[in-house]
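In what follows, chains carry the letters A, B, and so on, assigned in the order in which the sequence lines appear, proteins first and then strands, with residues in each chain numbered from 1.
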2 protein chains.
Amino acid sequence: MDLRHLRYFVAVAEEENIGRAAARLHISQPPLTRQIQQLEEELGVTLFIRTPRGMELTQAGELFLEEARNIRALVEQATERTQRAGQGKLGRLDVGIFGSAILDAIPKLLLAFRNRYPDVKVVLHTMTKAEQIEALRQRRITVGFNRMLAPLDDIGVCQVGTEGLLVAIQADHPLARQPVVRFAELQHHPMILFPTGARPSFIDRVIGWCTESGFQPQISQEVGDAVTGVALVASGFGICLVPDSATTLQFPGVVYRALSDTPPNFLVDLSCIYRKDDQSPLLAAFMETVDAFRTGDRKH
Amino acid sequence: MDLRHLRYFVAVAEEENIGRAAARLHISQPPLTRQIQQLEEELGVTLFIRTPRGMELTQAGELFLEEARNIRALVEQATERTQRAGQGKLGRLDVGIFGSAILDAIPKLLLAFRNRYPDVKVVLHTMTKAEQIEALRQRRITVGFNRMLAPLDDIGVCQVGTEGLLVAIQADHPLARQPVVRFAELQHHPMILFPTGARPSFIDRVIGWCTESGFQPQISQEVGDAVTGVALVASGFGICLVPDSATTLQFPGVVYRALSDTPPNFLVDLSCIYRKDDQSPLLAAFMETVDAFRTGDRKH
DNA sequence: CTGCTCAATACCTCCAGGGTATGATCCAGC
DNA sequence: GCTGGATCATACCCTGGAGGTATTGAGCAG
């Protein structure tokens, strides 16, 4: 059996007349007669009663008509859905993120993506930089977000944006009295650093800036992410350099202060990574959205 | 697209290797390659990633695989169901019956049919002889049951069985004192006759028997069926000749008595009727069951 | 009986599905 | 680094079957 047989059968059943059905199918009558005969023979069932006025469905034919219509509709639907999936408009996108990325850029980006591709199910996985790379290679995720990413042979990097830095200070701390803190002043206060895990990381960046400014930071704690860091600031463990977006975290007893006299390149980046050989239309769709987001962002 | 494409696609998706899939499909590798390419081209979607180790499904391919399997299963199911319908094992059988036929033969017959063809839905319609014939011609029913059926040009008749007759009498009636009633004794008592409607009917039969026995019956009432007749007997309207199976009706105040000295051929038949040109496998299945029932019945 | 309307049959053509042979890549092992 | 094996892709041929035209056969109405 063949989808053609179903199409022909439905036409004949609906027209109740081989000639008209043939016209509707843009073929001539004899081939259609033969196809119907073939179908009946293959099924071993009489589907039509031939009358001098046309073709009339048998009971078995009635049943087969329902089934045939159903199958044809499903084929239609399958092609349509597959095409949408092929255009990246349908499917599932697994995204690796890190703790504090959720604070600013990622939600906006994902919102933009959802608006463009509402039928793509986005699944977020919190994981470290190293875990993200492993997950990418194992295809458990399609894109990952992190900071300070170095390109690799098989992993591509695309910078999404940059953020400035603030210092998070306990509210009753002496430094909190000033509206702006000079970077060098940080040297006298214990500092909370993050993230733990694979180096080089933001920690090395911070230590580098201190060194450039002529001092060694007093390291109080190393913690997993900015959220934990700010929580420890609230508990009085020290001060903590955080990206601008951390101001979303309004812990009681924590204030954020801008910095002056900062070392050059006093920024952190946010980048996304993906498998270079990934041809998935979903990735393409997502990267396109990322691109639009970057240019949109720069306009502000 | 074609069911072949689906079959091939599923094979390749499952084997993840065109060569092995081709072997499984008993074709050679190049045509299979082409069919897959055609499918991809027709859908406009890349379904596989070609690797040096074989074929790997894309996300769109995964989705299409599900759909394809589903469609193939439905096609399978559709052919199977249609074949069962073509053998009369699946479908709906509309049966015309008359009031009192439900008392004996019909339930047994339908039970036998249900056992043989459990997936055929039997729908009963109570209608008169004339209505049955009209309904047969209009295809509203496939078989009808009645008594004293004459064959027609387009309607076939098949006798299912015969029944003897009893007389239903009010319990305190003088005749009720005798264990057996002589037929000629009926002449002195008002008689309830049935059925109303198309003649000739059982009424003419009864009048004929009376005439043969040398008397005119005193007609008390003409009613629709045996059930109503016996109900009127209980109410004292007279006596009523009924088929044996009417003893199923145990009205308080009604007794049944056998008859002696009866006229020749003192029997009623039960027959079924059907459209002579009906080739439906359901009818064939039913008539086969009727046949088995008749021979089974005669053995008793 | 004739003309009309169906479906079925006979016969032809040509394309597409299947076959064989070969190419293009990639990887493993010497 | 070359060679052999595995895999998919390409080139080309052949044949079955889908589709076409012409015709027959069978009911039915006038």
Side-chain angles (χ1 to χ4, degrees), chain A residues 1-43 45-58 61 65 68 72 137 153-154 275-279, chain B residues 1-43 45-58 60-61 64-65 68 72 137 153-154 275-279:
Chain A
M1 185 163 28
D2 207 332
L3 290 180
R4 182 184 45 252
H5 288 116
L6 298 188
R7 198 170 82 247
Y8 288 4
F9 168 77
V10 171
V12 174
E14 283 175 357
E15 298 289 345
E16 298 188 325
N17 177 313
I18 290 203
R20 278 201 304 277
R24 186 171 118 185
L25 295 165
H26 306 297
I27 62 174
S28 63
Q29 171 257 317
L32 184 52
T33 294
R34 242 185 324 162
Q35 294 293 320
I36 297 296
Q37 287 171 338
Q38 271 179 21
L39 180 61
E40 287 185 323
E41 193 176 348
E42 188 179 336
L43 290 173
V45 175
T46 304
L47 298 171
F48 292 101
I49 310 167
R50 278 71 170 170
T51 74
R53 281 196 314 287
M55 309 279 280
E56 195 180 323
L57 282 173
T58 62
L65 177 59
R72 276 167 52 75
R137 290 191 173 131
D153 256 12
D154 53 342
R275 282 197 358 264
K276 275 182 185 165
D277 65 347
D278 191 343
Q279 297 301 312
Chain B
M1 184 163 31
D2 206 333
L3 289 181
R4 183 186 41 252
H5 287 115
L6 297 188
R7 198 169 81 247
Y8 289 4
F9 169 78
V10 171
V12 174
E14 284 176 356
E15 298 290 344
E16 297 189 327
N17 177 312
I18 289 202
R20 277 201 305 278
R24 186 172 119 183
L25 295 166
H26 307 297
I27 61 172
S28 63
Q29 171 259 316
L32 184 52
T33 295
R34 240 186 325 162
Q35 294 293 320
I36 297 295
Q37 287 172 338
Q38 271 179 22
L39 180 61
E40 287 185 323
E41 193 175 348
E42 187 179 337
L43 290 172
V45 175
T46 304
L47 297 171
F48 292 100
I49 310 166
R50 278 71 169 169
T51 74
R53 280 196 315 289
M55 308 281 277
E56 195 181 322
L57 282 172
T58 62
F64 192 67
L65 176 59
R72 277 168 50 74
R137 290 194 172 127
D153 255 13
D154 54 340
R275 278 195 5 261
K276 275 184 186 164
D277 65 347
D278 190 342
Q279 297 301 314

Roughly, in whole Å, what's the span from [atom1] in [X] to [atom2] in [N]?
{"X": "A/Met55", "N": "C/dT5", "atom1": "CE", "atom2": "P", "value": "19 Å"}
{"X": "A/Phe48", "N": "C/dA8", "atom1": "CZ", "atom2": "P", "value": "10 Å"}
{"X": "A/Ile36", "N": "D/dG19", "atom1": "CD1", "atom2": "P", "value": "11 Å"}
{"X": "A/Gln37", "N": "C/dT9", "atom1": "CD", "atom2": "C1'", "value": "9 Å"}
{"X": "A/Leu39", "N": "D/dA18", "atom1": "CG", "atom2": "P", "value": "12 Å"}
{"X": "A/Asn17", "N": "C/dC6", "atom1": "CG", "atom2": "P", "value": "5 Å"}
{"X": "B/Asp277", "N": "D/dG27", "atom1": "CG", "atom2": "P", "value": "12 Å"}
{"X": "A/Glu16", "N": "C/dC6", "atom1": "CD", "atom2": "C1'", "value": "14 Å"}

task = Indicate for each nucleotide in nucleotides 17-30 of chain C, in 5' to 3' sequence, whether protein heavy atoms under 4.0 Å reach the base (B), only the sugar-phosphate (S), or nothing (-).
result = BBBBB----S----
note = Applying ring-ring contact (aromatic ring centres under 6.0 Å, His included) to B/Phe9 and not counting sequence neighbours gives B/Phe48, B/Phe64
query = Do the side chains of A/Arg137 and A/Asp154 get nearer than 4.5 Å, heavy atoms only?
reply = yes
request  = Decide yes or no for A/Leu39 and A/Tyr8: does some side-chain heavy atom of the first lie under 4.5 Å from some side-chain heavy atom of the second?
outcome  = no
Phosphate contact (D/dT7 OP1 or OP2) by B/Arg50 side-chain N/O below 4.0 Å = no
Please name all residues satisfying salt bridge (charged side-chain N to carboxylate O under 4.0 Å, His left out) with [X], sequence neighbours left out, ordered by chain then number.
{"X": "B/Arg50", "value": "B/Glu40"}
{"X": "B/Arg4", "value": "B/Asp2"}
{"X": "B/Asp277", "value": "B/Arg275"}

key: For A/Gln38, all residues meeting side-chain contact (heavy atoms from CB on, under 4.5 Å), sequence neighbours excluded   = A/His5, A/Gln35
query = What bend angle does the helix from C/dC1-D/dG30 to C/dC30-D/dG1 show across its length, from five-pair end axes and to the nearest 10 degrees?
reply = 10°
query = For A/Glu42, which residues count as a side chain to side chain donor-acceptor pair (under 3.5 Å) partner, sequence neighbours excluded?
reply = none
key: Residue pairs involving residues 18-39 of chain A (criterion salt bridge (charged side-chain N to carboxylate O under 4.0 Å, His left out); sequence neighbours excluded)   = A/Glu14-A/Arg24, A/Glu15-A/Arg20, A/Glu15-A/Arg24
